[in-house]
Amino acid sequence: MEKAYQPKDVEDRLYQSWEEEGSFRGTPDAGKPAYSIVIPPPNVTGVLTMGHVLNNTIQDILARRARQRGFSTLWLPGTDHAGIATQTKVEQQLRQQGKSKHDLGREGFIEHAKEWRDKHGGIILKQLRKLGCSCDWERTVHTLDPDYSKAVLEAFVRLFNNGYVYRGKRMVNWCPVSRTALSDEEVIMKPQSGKLYKVRYELADTPGEYLYVSTTRPETIMGDVALAIHPQDERWPALQGRKVRRPLQPAEIPIIADDAVEKDFGTGMLKITPAHDPLDFEIGQRHGLEIIDVFHEDGVLNELAGPEFAGLDRFEARKATVEKLREQGDLIDEEDHANNVGFSERADVPIEPRLSEQWFLRYPRVEEAKRAVSEGMIRYFPERWTKTYLHWLENIQDWCISRQLWWGHRIPVWYRKGAPRNDPNNWHVSVDGPEDPENWEQDEDVLDTWASSWLWPIATMGWPNPSAMKQQGLDYFYPTSALVTGPDIIFFWVARMIMAGLEFKGDPVDPKTTLSDEQIRQRIPFRDVYFTGIIRDAKGRKMSKSLGNSPDPLDLIEKYGADGLRHGIMSIAPKGQDIRFSEERIEQGRNFCNKLWNVSRFRQMADEQTRESSLEEIIGRMDPAHLNQDDHAILLRLIQTLDEVERLYEQYEFNSALHSIYRFFWNDLCDWYVENSKPRMRGGEGKETCLAVQDLCLRQVLLLLHPVTPFITEELWHVLGFSGGQSIQWANPGTGQELGGLLSQSGIKPDPVALDEMLAIRELVTSMRALKADRNLANNNRVEFSYLAEDGKSDVLSKHLGSVLSSVGAAALNRVAQAPAGMPALVTAFGSIYLDLASGVDVGAEKIRLSKELEALNKIISSIENKLGNTAFTGKAPPQVVEGARRQLADNLAKKQETEDALRSLS
RNA sequence: GGACGGCUAGCUCAGUUGGUUAGAGCGACUGGUUUACACCCAGUAGGUCACAGGUUCGAGUCCUGUGCCGUCCA
């Protein structure tokens, strides 16, 4: 074996063999329970980020654990066509060639985009392989695949037929860069510091008299169609029926009264611009006002804005209109003003409220979706996200699902040529289109990407095609076992998938019928949802391309190995908290792998012939008569660890589980057990048993670690001869109880007392080492110790004498009848220990040290005495707590006595 | 404005239903190549558990309020 673990020699080779053996294949198997996960599909053109590393490592851990435990496991991968994101990229690239999408036309553009996707897309799936992800690649799905697309259209048609889908002219969120409508969820509110302008409007019937209006958007004044005032405003009676002159694009506009006007904001007078503000639109509707849209779709002002402003973009137009108002003397005041502005999630520019004709969806199964989560049919980890989820559902707004893009699923609605489109009688809605296509034209828009990915758990398993569903095992693998995703897409994706599952899985149910709990259980897309934290950089900032603070995971794999990266990221991922990334943690992961490698190497050096060690064979090599206290202790710790890890994984406490394995492996096994094995391994009757105990521990550690660090554990599994020709992927670590049962069949019953003793002995060793270290005595400087103790303590100590001597680096530990004079001393649970120094002792320094010790003891003692002196405590606290305090007091008093003795012996 | 989360050692974080003297890793410092590992071993220092009240025999833990940081919703 190499001196240090070399991931590169191992990873690609093992991954390839796993794939070739079909280990990742998810096939329905009636003889086994099912475990399934669908990957949150990354953007087809995306590349691997640290967020993906975290998210997919967790999924891989779940999938690999399930395989080990005998589940027929499917981890289904795929990619998302990511409508806006991808189309933007392709358009950018076209622009670089001096072309626009219109040069290619719709068909040509889509062809081009597909080619581009096939060439540049899917990189991320290759990267996931490097990370070790055990996805069933043969089942990779893309949201624009023909079958998937059919499912998307089918869903639309069914929703339409059930009355959930409607077309309407509404105010929508418009992105002037992507030139499409967006859903509310795609708008990010950001606080902005802008200006509030006070503008005067001249009363038409009394020139020279003015009304004052505060506005943040002077560039829309040309679209004003009224001024509004609250009906309770005292000025109202005097203004009723009168008109003002619009200061830009002059025209006379009415003054109206409406309850929606905030009396206390600004001047209490609102300009009404129905084309450019949702509230103004509503007010305009109530009062039958005209709508004047002064913008083009790209945010450039149009001819209705007047010759002076037409052609300016909205930001320039703001400056220009302010300037013009100032020139005219109509700008009365401007002041700084902080407000929230909606930004487009993708293009990161302010969105425009815009009136347009769009398709909307009234969400199906909202009530059942609430129930599924609030009643625990779907469990959220951490649980607190249920509140966020329920709050959103309670305030749910209809979903604008049409996008003015070409890249996506084209809306399956056709309009009769030449007939008015707003009359549903002229619509044809179906998956395959009308039989006489020459008489129809299809809607130009495509569906929101999320209106395809909300079907991900069912449409990746063949829905709605019955034979595909059967073949792909929808009924076997659905509901999926767990979903692993970020809380940032709880509305975009998680909530919508739940509603889609409830609506579409199983036989159609009348919209008026509420689903029963039983139906909900069968229809939900997943049982558990694990929300990861967001990975931040060392300064706590979100990782992003623009900040350049996101390391490339592939570089990290190159440097530390995939296992190192996985171990590192999992060790710092507390449940659902944000995660601060630091490369040092990945380094630790690498170091951990190296430690595992080296302790295996050490094992190999002891006994190089090849073994084939099944669990039974290993246990069979143990001779119960040769088991010492350390053997008992480590076996007990192993049993504990198996159960603890299992329990923590059940709760999705990944970093705690890992920590538990770490503690057992590094602190208990390597630092203590293996170190103490060294003398035994020189020969003698305990050697075989000791090696067998090491084998058992190593074997179980490999099994527990395999989900986290799959490569190195598989490699060592074979190197150490545990495999019997079988991959570690199919070996179950089992429970502590199961292991205990097997041991007891071989006459091995680990003694619980040994564990307590071992812990106490370790404390003793630590103090003895410290006593040496204080005097700068090297570990291998074999000094002599004496000790003074009662018989009971002495017995325990003598059982562990070998360990103590070798761990401390001591030549002898001699029991004495009375305290030797003039030696540095240590008061421990096992009595007083004296360090025998041939050379002189710094008596002054010793006295200071022991006095400090005494001071600390006195503090502890008086605090316990206080407590015990308090009748409220002794009366009300549970007996075992009071008893514990008494024992503690006695121990510390004894320690105090011995410390005083030691001090005296120095003088 | 509302909701949620965080505030514990220099840093990153553990700390179960309240119960011994609040832990780990990293970093710092000291010493070290003993049959694996310097990607290692041994040891040391370092904490007013954000703040203020309250409940309790007992609070890092429960309650109320405040502050700061972050996220989401309006």
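Letters A, B, ... mirror the listed sequences (proteins, then strands); counts begin at 1. Values in this document were obtained by computation on a predicted structure and should not be read as measured data. Heavy atoms only: backbone and side chains are in, while hydrogens, waters and symmetry mates are out.
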Length of the [atom1]-[atom2] vector between [X] and [N], whole Å:
X      : N     : atom1 : atom2 : answer
A:F665 : B:A24 : CZ    : C1'   : 17 Å
A:I490 : B:G5  : CD1   : C1'   : 13 Å
A:L771 : B:G31 : CG    : P     : 18 Å
A:R680 : B:U35 : CZ    : P     : 19 Å
A:K772 : B:U34 : NZ    : C1'   : 11 Å
A:L390 : B:C72 : CG    : C1'   : 15 Å
A:E763 : B:G43 : CD    : P     : 12 Å
A:H567 : B:G25 : NE2   : P     : 13 Å

[X] vs [Y] aromatic rings, parallel, tilted or perpendicular, using cut-offs 30° and 60°?
X      : Y      : result
A:Y652 : A:F654 : perpendicular
A:H567 : A:Y662 : tilted
A:Y380 : A:Y389 : perpendicular

Is atom CD of A:Q397 surrounded by more than 12 heavy atoms (other residues, nucleotides or ligands) closer than 6.0 Å?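 12 or below, so no.
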Can you tell me if CD on A:E383 sees more than 12 non-hydrogen neighbours from other groups inside 6.0 Å?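 No - once you tally the heavy atoms of other residues, nucleotides and ligands closer than 6.0 Å, there are 12 at most.
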Would you please confirm or rule out a distance under 4.0 Å between OP1 or OP2 of [N] and any side-chain N or O of [X]?
X      : N     : value
A:R585 : B:C26 : no
A:R384 : B:G5  : no
A:W666 : B:A36 : no
A:T766 : B:A42 : no
A:K387 : B:C4  : yes

The side chain of [X] lies closest to which of these nucleotides: [options]?
X      : options             : answer
A:F491 : B:C72, B:U35, B:A38 : B:C72
A:A770 : B:A36, B:U44, B:C26 : B:U44
A:Y662 : B:G25, B:U16, B:C72 : B:G25

Do any of residues 589-598 of chain A sit with a heavy atom less than 4.0 Å from RNA chain B, and if so which?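 Listed by number, they are A:R590, A:N591, A:N594, A:K595, A:N598.
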Determine the Euclidean distance between corresponding [atom1] atoms of [M] and [N]; express it in Å to zero decimal places.
N     : M     : atom1 : value
B:G15 : B:G23 : P     : 15 Å
B:G6  : B:C63 : P     : 12 Å
B:G25 : B:C41 : P     : 10 Å
B:G53 : B:G60 : P     : 15 Å
B:U64 : B:G5  : P     : 12 Å
B:G27 : B:C39 : P     : 11 Å
B:C49 : B:C4  : P     : 26 Å
B:U44 : B:U56 : C1'   : 38 Å

Side-chain ion pair, A:R680 and A:E685, N-O less than 4.0 Å: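 No, A:R680 and A:E685 are not salt-bridged.
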For a quick check of understanding: with a heavy-atom distance under 4.0 Å over all strands, which category does [X] fall into, base, sugar-phosphate or nothing?
X      : result
A:R663 : nothing
A:Y5   : nothing
A:D671 : sugar-phosphate
A:E675 : base

Quick one: list whatever passes salt bridge (Lys or Arg N to Asp or Glu O under 4.0 Å) with A:E352, sequence neighbours left out.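 For A:E352 the salt bridge (Lys or Arg N to Asp or Glu O under 4.0 Å) partners, ignoring immediate neighbours, are A:R217, A:R314.
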No-hydrogen, no-angle side-chain donor-acceptor test under 3.5 Å, A:R601 and A:Q604: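 There is no such pair (donor and acceptor under 3.5 Å, judged by atom type) between the side chains of A:R601 and A:Q604.
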Go nucleotide by nucleotide along RNA chain B from the 5' end; which of A:N395 and A:S806 gets its closest nucleotide reached first?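 Its nearest nucleotide lies further toward 5', so the answer is A:S806.
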Whichever of A:H391 and A:A4 has its nearest RNA chain B nucleotide further upstream toward 5':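 Between the two, 5'-proximity favours A:A4.
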If pairs are Watson-Crick or G-U with both distances under 3.5 Å, what is the dot-bracket string of RNA chain B, marking crossing pairs with [ ] and pairs to another strand with |? (((((((..((((.....[...)))).(((((.......))))).....(((((..]....)))))))))))).
Heavy-atom donor-acceptor pair, A:K3 side chain to A:N598 backbone, under 3.5 Å: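 No.
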Ring-face cation contact, A:W672 with A:R637, 6.0 Å cut, 45° max: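 That pair does not qualify as a cation-pi contact.
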Where is the tightest heavy-atom contact between A:N594 and A:Y5, given as atom of each residue plus distance?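 In this case the closest contact between A:N594 and A:Y5 is OD1-N, 3.1 Å.
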For A:W493 and A:F531, I'd like to know if the aromatic rings sit close, meaning centre-to-centre distance below 6.0 Å.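 Ring-ring flag for A:W493/A:F531: false, centres at least 6.0 Å apart.
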Could you check whether the side chain of A:K678 and the base of B:A36 have a donor-acceptor pair of N or O atoms closer than 3.5 Å, going by distance alone?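 By the distance-only test, yes, there is a pair.
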